[in-house]
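Beneath this line is the structure, given in C-alpha cells, with notes to follow.
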Amino acid sequence: MAQVRVRFAPSPTGFFHIGSARTALFNWLYARHTGGKFILRVEDTDQARNSEEFLQLIYNSLTWLGMDWDEGPNPNGVGERGDFGPYRQSQRADIYQHYLQKLLASGRAYEKDGAVWFKLLGERYQTFDEHRKKEVEKVKSAPVVIDDQIRGRVERMEDEDFVIFRSDGNPVFHFVNVVDDITMQITHIIRGEDHLSNTSKHVRLYEGFGVVPPVFAHIPLILKSPEMGQGKMSKRDKGALIEEYQQRHFLPEALVNYLALLGWNAGDNREKMLIADIIQLFDLPGVNQSNAKFDGKKLAHMNMQYLLEQPAEHFLAQARGYFQSLATGAAALADETYFREIMLLAQPKIKGLEELAAYTVYFWSDDFPIDAKVKEKVMAKGDPRARLAELIAALPTLDFTADAAIEAGIKSLAESKGLGFGDYQAVARLAVTGTNAGPSITSIFRVLGRARIQSRLEKLAAPGA
RNA sequence: GGCCUUAUCGUCUAGCGGCUAGGACAGCGGAUUCUCAAUUCGUUAACCGGGGUUCGAUUCCCCGUAAGGCUACCA
C-alpha cells in the first residue's frame with residue numbers, strides 16, 4: 001500500500017477551537033501511526049473573513065500541542081515546504097482554473113446565471129420543492145455509496161447539480177477541497193461528521209475527474225457540555241478555544257491526552273497515556289461513532305495528573321514561564337532559590353499552574369489577602385489569642401533550620417500546655433497566610449523565616465486585629 | 001420539511017448473543033494528615049421505548065423517540 005497522506009485543512013476565519021484541534025490530532029495520530037505524511041493546507045479562499053492573525057494562531061496552536069506537519073506553510077509563516085504546493089488555497093487559483101477547464105471540456109460542467117455548475121449524470125426531471133417553494137430540476141441516478149472507515153457503508157442520494165464556481169469567479173469549498181486532495185495525493189480524509197453529508201458531492205466530483213476517491217473517515221463531533229446548553233461546541237462557548245488553555249498554562253500533553261480520549265480509547269482501561277503509546281495504538285476503526293460532550297472537569301483532572309508527576313526542573317520551568325506572563329510576577333522571580341523552594345511546596349498541591357499566584361501570594365509580600373470567613377471561624381474556636389501569645393513567646397528559641405525541628409518545637413510547646421499541634425496550626429496559618437489552606441505550616445515557617453513569622457503573628461495578636 | 005449519522009451511569013467510555021454490565025471524571029462516605037489538596041478504601045448511578053430474530057438479547061433487524069449534522073453562488 002502506498003504511503004498514507006492525510007491533511008488538516010483549517011480556514012483562518014476565527015480562533016482555533018477544540019473541535020478543530022481534535023480533527024487535526026486524529027489526522028496527525030493516523031499519519032504518525034502509519035508512518036505517513038501529515039499535511040497542513042490553509043483554506044483561505046474566503047477573503048472577507050480571513051486574517052493573517054488567525055493563521056498564525058493556527059500555526060502556534062498546532063505547534064504548542066506538539067503536532068508537527070510534514071508539508072505546508074512553515075510555522076513562522078514565511079515560505080513553505082513539500083512537493084505538492086502551494087499549500088494556501090489563495091495561491092492555487094491557476095490550479096483550480098485548470099481543473100475547471102477539464103470539467104468544462106468533458107461536459108461535466110456548464111455555465112448558468114454567471115456561475116459554473118457541476119453536471120450530474122442521469123435522467124432529468126422537474127419537480128416542485130415544498131420546502132424551498134420552487135420548481136427545481138433533479139437528476140435520477142444511483143445513490144452515492146461511501147465506505148466510511150468509521151461509519152461503515154453510508155448511502156446518500158445526490159440529485160441536483162451544484163455550483164462549483166461562483167458568479168464572482170471564485171471556486172466553492174467542495175470544488176477546491178476535492179481538487180486539492182487530488183493534487184496533493186491525499187489518501188485518507190479524516191474530518192468531522194458535519195462533512196458526511198457533503199461527501200456525496202465530493203465523490204461525484206472525484207468521479208467527474210476520473211479519480212478514485214480517497215478513504216473517508218468521519219469522526220464524531222464535540223458537543224457542548226450539559227451546562228453549556230445543546231448542540232455542537234462552537235467558538236463562542238466557554239472553554240472552546242485552544243488559546244484559552246494556552247493562556248491558562250495548561251500542559252499541552254494533558255490537553256492532547258484528553259482530546260484523544262474524546263471519541264477514541266486504547267481498548268483497555270488506560271486513560272492517562274504517553275503520546276508515543278497513543279500513536280502506537282491509534283487506528284481509524286477504533287474511533288467511536290457517537291458525538292461526545294466536552295467535560296472541562298475531566299480535562300482539569302488530567303492536567304493535574306500531568307502536573308503532579310512533572311520532574312521538578314520541568315515544573316520550575318513551567319512555573320517561571322507562568323510568573324513571567326503575569327504583570328505582578330516579577331516579585332516572585334526576584335530570588336531564584338526562594339522561588340524554587342516555594343514552587344516545590346506548591347507543585348503537589350495545586351490543580352493547575354494558573355492557581356500558582358493566588359496559592360503563593362503570602363510568600364511575595366506582607367500585604368496578602370485575609371479570608372474573613374476563615375478568620376471568623378478560627379478565632380471562634382478554643383483560645384486562639386492565648387495560642388498566639390504562646391507561639392510568639394516560643395519563637396526566639398524555636399529552631400528554624402528544618403521542618404522537623406520546627407514541628408518538634410511546636411509540639412513540645414503544645415505538650416507543655418496539655419494541647420496538640422493542631423491547636424496552634426490553624427491560628428498560626430491564619431496569621432501567616434490569611435487562609436486555611438496551603439502547604440505544611442512547618443514548611444511555611446521555615447521558608448518565610450523567623451522575622452516575618454514573628455511580625456505576622458504579632459500583627460494578628462495585636463488588640464483589635 | 002427532506003436526507004445522513006448516532007443512542008450503556010450526570011459526563012467520557014468498555015462490552016462485539018449467555019457478564020454480579022467493567023473503568024475514569026464528577027458526587028457521596030470513611031481512612032490518612034498540622035490545614036487544604038493529593039493519595040487510598042468504599043459507595044450512589046446506566047443498557048431510550050415498542051416490536052421482531054433467537055433456547056437466550058445491552059449486543060442483530062424493523063418502527064418509534066431523542067440527540068447531532070447537512071440541506072447556500074459559507075468553509
Side-chain angles (χ1 to χ4, degrees), chain A residues 9-14 43-46 48-50 89 112-117 129-133 143 146 148 150-152 154-160 162-174 176-177 192-201 218 220-223 225-227 230-232 258 261-272 288-302 304-305 308 346-351 355 359 374 378 407 410-411 414 420-426 428-430 433 435-444:
Chain A
S11 55
T13 55
E43 306 217 333
D44 56 349
T45 49
D46 186 348
R49 293 195 294 154
N50 276 322
Q89 290 184 335
K112 190 179 88 179
D113 304 332
V116 182
W117 298 66
D129 185 306
E130 287 296 334
H131 192 58
R132 284 181 288 177
K133 301 273 184 261
I146 301 153
D148 194 281
I150 294 168
R151 312 270 148 192
V154 177
E155 276 190 27
R156 194 171 181 280
M157 196 61 76
E158 199 56 49
D159 60 3
E160 265 183 68
F162 55 90
V163 170
I164 51 177
F165 262 75
R166 287 191 281 272
S167 49
D168 65 5
N170 288 313
V172 306
F173 163 73
H174 304 297
V176 296
N177 201 262
E193 199 225 51
D194 47 342
H195 287 291
L196 186 53
S197 299
N198 291 327
T199 305
S200 47
K201 280 190 179 66
H218 287 92
L221 267 21
I222 298 179
L223 270 27
S225 63
E227 314 87 69
Q230 300 211 301
K232 173 165 85 152
Y258 174 75
L261 255 22
L262 235 40
W264 176 84
N265 66 81
D268 49 30
N269 283 334
R270 263 185 296 175
E271 294 208 327
K272 182 170 178 298
N288 288 143
Q289 304 173 49
S290 49
N291 296 341
K293 295 196 175 82
F294 180 79
D295 183 1
K297 287 210 180 112
K298 187 148 184 171
L299 168 58
H301 179 262
M302 186 70 81
M304 182 193 70
Q305 298 243 293
L308 280 178
Q347 185 185 0
K349 311 283 262 180
I350 57 170
K351 290 185 187 299
E355 293 177 358
Y359 196 79
V374 170
V378 169
E407 187 175 345
I410 297 178
K411 271 191 175 152
F421 186 94
D423 294 300
Y424 294 87
Q425 184 274 137
R429 186 179 294 280
L430 171 66
T433 74
T435 76
N436 63 348
S440 156
I441 190 66
T442 54
S443 301
I444 295 174

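Every chain is numbered from 1 and lettered A, B, ... according to where its sequence line falls, protein lines coming before strand lines. What's counted below: heavy atoms across the whole structure, side chains too, no hydrogens, waters or symmetry copies.
- On a pure distance criterion of 3.5 Å, a polar donor-acceptor pair joins the side chain of E271(A) and the base of G23(B).
- Scored by the side-chain contact (heavy atoms from CB on, under 4.5 Å) test, E130(A) finds F128(A), K133(A) as partners (sequence neighbours excluded).
- K351(A) pairs by the side-chain contact (heavy atoms from CB on, under 4.5 Å) definition with M304(A), E355(A), not counting sequence neighbours.
- Considering only side-chain atoms of Q230(A), the nucleotide from C36(B), C12(B), G68(B) that sits closest is G68(B).
- If you check C73(B), C34(B), A26(B) against the side chain of R429(A), the one that comes closest is C34(B).
- Of all nucleotides listed (A38(B), C34(B), A75(B)), A38(B) comes nearest to the side chain of L308(A).
- For the P atoms, the distance linking G1(B) with G18(B) amounts to 39 Å, nearest Å.
- Going from the P atom of U13(B) to that of U54(B) covers 34 Å, rounded to whole Å.
- Only the P atoms considered, A7(B) is 11 Å distant from U59(B), to the nearest whole Å.
- The separation between K293(A) atom NZ and A7(B) atom P is 13 Å, rounded to whole Å.
- In this entry C19(B) has no Watson-Crick or G-U wobble partner, no candidate having both defining distances under 3.5 Å.
- If you take atom P in G10(B) and the same atom in U71(B), they sit 33 Å apart, rounded to whole Å.
- Between Q305(A) and the phosphate of U39(B), there is a side-chain N or O to OP1/OP2 separation shorter than 4.0 Å.
- For the pair K201(A) and F162(A), the cation-pi test (distance below 6.0 Å, angle within 45°) is passed.
- As a whole-Å value, the separation of K298(A) NZ from C9(B) C1' is 13 Å.
- Note that the CE atom of M157(A) and the OG atom of S200(A) stand 10.0 Å from one another [nearest 0.5 Å].
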Discussion item. With side chain to side chain contact (heavy atoms under 4.5 Å, CB included) as the criterion, how do I222(A) and N291(A) come out once you've worked through the C-alpha distance, each side chain's angles and the decisive distance to 0.1 Å?
Written reply: CA-CA 6 Å; I222(A) 298 179; N291(A) 296 341; over 6 Å; no

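- Pair assignment for C60(B) gives G52(B), based on Watson-Crick or G-U wobble hydrogen-bonding distances that are each under 3.5 Å.
- Taking 4.0 angstrom as the limit, N269(A) places none of its side-chain polar atoms (N or O) nearer than this to OP1 or OP2 of U13(B).
- Regarding D113(A), its CG atom lies at a distance of 14 Å from the C1' atom of A72(B), rounded to whole Å.
- Atom NZ of K351(A) is separated from atom C1' of A37(B) by 6 Å (rounded to the nearest Å).
- At a cut-off of 3.5 angstrom, counting only N and O atoms as typed in the model, there is no donor on one side facing an acceptor on the other between the side-chain of K349(A) and the base of A38(B).
- Here U33(B) sits opposite no nucleotide as a Watson-Crick or G-U wobble pair (both hydrogen-bonding atom distances under 3.5 Å).
- For A67(B), the paired nucleotide is U5(B), the pair qualifying as Watson-Crick or G-U wobble because both relevant distances are below 3.5 Å.
- The separation of G27(B) from U11(B), taken at their P atoms, amounts to 16 Å, rounded to a whole angstrom.
- At A24(B), none of the side-chain N or O atoms of K272(A) fall inside 4.0 Å of OP1 or OP2 (strictly under the cut-off).
- Salt-bridge formation is not detected for the pair K298(A)/D295(A): no Lys NZ or Arg NE/NH1/NH2 atom is positioned less than 4.0 Å from an Asp or Glu carboxylate oxygen.
- When the P atom of U6(B) is taken as reference, atom CD1 of I222(A) falls 18 Å away, rounded to whole Å.
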Expected rows: protein N/O vs nucleotides 69-71 of chain B N/O, under 3.5 Å:
from   : atom 1 : to      : atom 2 : distance (Å)
G69(B) : OP1    : K232(A) : N      : 3.4
G69(B) : O2'    : D194(A) : O      : 3.4
G69(B) : N2     : S197(A) : OG     : 3.2

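- When the side-chain nitrogen and oxygen atoms of R151(A) are compared with OP1 and OP2 of G68(B), none of them lie within a distance under 4.0 Å.
- Remark on RNA chain B: of its neighbouring residues W264(A) and L223(A), the 5'-side contact belongs to W264(A), judged by nearest-heavy-atom nucleotide.
- Scanning for ring-ring contact (aromatic ring centres under 6.0 Å, His included) contacts around H195(A) gives F173(A), with sequence neighbours left out.
- Nucleotide G2(B) holds its C1' atom 17 Å from the CD atom of E155(A), rounded to whole Å.
- N288(A) has a side-chain polar atom (N or O) that falls below the 4.0 Å cut-off from OP1 or OP2 of A14(B).
- Expressed to the nearest 0.5 Å, how far CG of N288(A) lies from CD1 of I150(A) amounts to 9.0 Å.
- In this structure, the CG atom of D44(A) is 15 Å from the C1' atom of C74(B), given to the nearest Å.
- Applying the ring-ring contact (aromatic ring centres under 6.0 Å, His included) test to Y424(A) and every residue at least two apart in sequence or in another chain returns nothing.
- Under the Watson-Crick or G-U wobble criterion, with both distances below 3.5 Å, A24(B) is paired with U11(B).
- Annotation: salt bridge (charged side-chain N to carboxylate O under 4.0 Å, His left out) contacts of D423(A) (sequence neighbours excluded): none.
- Residue Q289(A) places at least one side-chain N or O under 4.0 Å from the OP1 or OP2 atom of U6(B).
- Between F421(A) atom CZ and U35(B) atom C1' the separation is 10 Å, expressed in whole Å.
- The residue among P348(A) and V154(A) whose nearest nucleotide of RNA chain B is located toward the 5' end is V154(A).
- Among A75(B), A26(B), C34(B), the nucleotide with an atom closest to any side-chain atom of E407(A) is C34(B).
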